[in-house]
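What follows is a single structure, written as structure tokens, with notes after it.
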Protein chains: 2
Amino acid sequence: MNSVFKALSDPTRRKVLELLRKGPMSAGDLAAHFAVSKPTMSAHFAVLKEADLVAAEKDGKSVIYRLKLSVLEDALLGFAGAFGIQGKGAQETIQSVTQTKESEI
Amino acid sequence: MNSVFKALSDPTRRKVLELLRKGPMSAGDLAAHFAVSKPTMSAHFAVLKEADLVAAEKDGKSVIYRLKLSVLEDALLGFAGAFGIQGKGAQETIQSVTQTKESEI
DNA sequence: ACATCAATTCGATGATTAGCTAATTATCAA
DNA sequence: TTGATAATTAGCTAATCATCGAATTGATGT
């Protein structure tokens, strides 16, 4: 999990993940979105792969990267969960707000 | 938001935040949980403060650090939201609880 | 076989980071 | 005022990191 947060600490890598959200993309197509050299992008891909946030599949001359959403999800929700953080507006359970059980109302 | 993810990239700092989840704590008490020097911990606190993840309040000789949960929440949920990731488990919002009428229970 | 293209690895460089000890600041008590 | 305590700042080192150009690997087409 540490490798995931390390991977997420760089804005370029976070943006790569967001690009991959729409679907798999080749290393070259991904690199075209950034103002850094291809070797630099390749290093970023390696970090993301090491963190298991993406999977790489070779397709002819290209390498297709695919987002591993469940890994990202587990890391984010796992950490957020340790703080009682819940998504989509439901920040608190009934119990934690009212300290009242359903059976008592 | 970049500073938040930068801050979260270090395991010591993540653990500090988790310790602060229980409530505010002094720099010394926090440092006692780790096997690094106090100046090193002080540097970690500075990073967390810079990311606005904690607030510092001076109390006599001590400095009390307090978790700013909403900042952590906004960063985590904001990023997760961009991927359609949402936590599961919380069924009710605060509003739906506080707006419950007597006639409905 | 050779040229081309996509991607990575190699090797180097400047910047950032985490860590330390020692010194400094600030507060409180005797 | 002196001494003790809590925390930070100063100054440094070693390690990691993002970045580059050049070289290399691997696949495709002529």
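Since this is a predicted model, take the numbers as computed values, not measurements. To find a chain, count down the sequence lines: A is the first, B the second, and so on, and within it residues start at 1.
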Just the rounded figure in Å: distance from C1' of C:dT17 to CG of B:Asp10. 9 Å
Check the pair A:Asp52, A:Lys68 against side-chain contact (heavy atoms from CB on, under 4.5 Å), reporting the backbone distance first and the verdict last. CA-CA 7 Å; A:Asp52 203 32; A:Lys68 296 182 78 169; 2.8 Å; yes
Distance test, side-chain N/O of B:Lys38 to OP1/OP2 of D:dT8, below 4.0 Å: no
Integer-rounded Å distance: C:dA6 C1' and A:Leu30 CG: 13 Å
What nucleic acid atoms does B:Lys49 come within less than 4.0 Å of, heavy atoms only: base, sugar-phosphate, or nothing? nothing
If the cut-off is 4.0 Å, is A:Ser62 near the phosphate of C:dA6, judged by side-chain N/O to OP1 or OP2? no
Between A:Thr40 and D:dA18, is there a side-chain N or O to OP1/OP2 distance below 4.0 Å? no
Measure the distance from CE on B:Met25 to P on D:dA7 and round it to the nearest whole Å. 12 Å
Report yes if at least one side-chain N or O of B:Lys58 is closer than 4.0 Å to OP1 or OP2 of C:dT27; otherwise report no. yes
Does A:Tyr65 reach a base, just sugar-phosphate, or nothing at all? Heavy atoms under 4.0 Å. sugar-phosphate
Are B:Phe79 and B:Phe5 an aromatic pair, judged by ring center distance below 6.0 Å? yes
A:Ile64 CD1 to C:dA7 P, straight-line distance once rounded to whole Å: 7 Å
Nearest-0.5 Å distance, CG of residue B:Leu20 to OH of residue B:Tyr65: 10.0 Å
Give the rounded distance in Å between these two atoms: NZ of B:Lys15 and P of C:dA18. 16 Å
Spacing between B:His44 atom NE2 and C:dT17 atom P, to the nearest angstrom: 12 Å
Comparing B:Phe45 with A:Ala35, nearest DNA chain D nucleotide closer to 5' gives the residue B:Phe45
Please report, rounded to the nearest Å, how far the P atom of D:dG26 is from the CG atom of A:Asp59. 17 Å
For D:dT28, does OP1 or OP2 lie under 4.0 Å from any side-chain N or O of A:Lys61? no
Hydrophobic clustering (ILVMFWY, side-chain heavy atoms < 4.5 Å, transitive) - are A:Ile64 and A:Leu69 grouped together? no
Indicate whether OP1 or OP2 belonging to D:dT8 is found under 4.0 Å from a side-chain N or O atom of B:Ser42. yes
Sugar-phosphate only, base, or nothing, as touched by A:Ser26 at under 4.0 Å among non-hydrogen atoms: sugar-phosphate
Take B:Pro39 and A:Gly28, find for each the nucleotide of DNA chain C with the closest heavy atom, and name the residue whose nucleotide sits nearer the 5' end. A:Gly28
For atom CE of B:Met41 and atom C1' of C:dT21, their distance in whole Å: 18 Å
Which nucleotide wins on minimum distance to the side chain of A:Val63, given the candidates C:dC10, C:dA7, D:dT8? C:dA7
CD of B:Glu18: more than 12 outside heavy atoms within 6.0 angstrom? yes
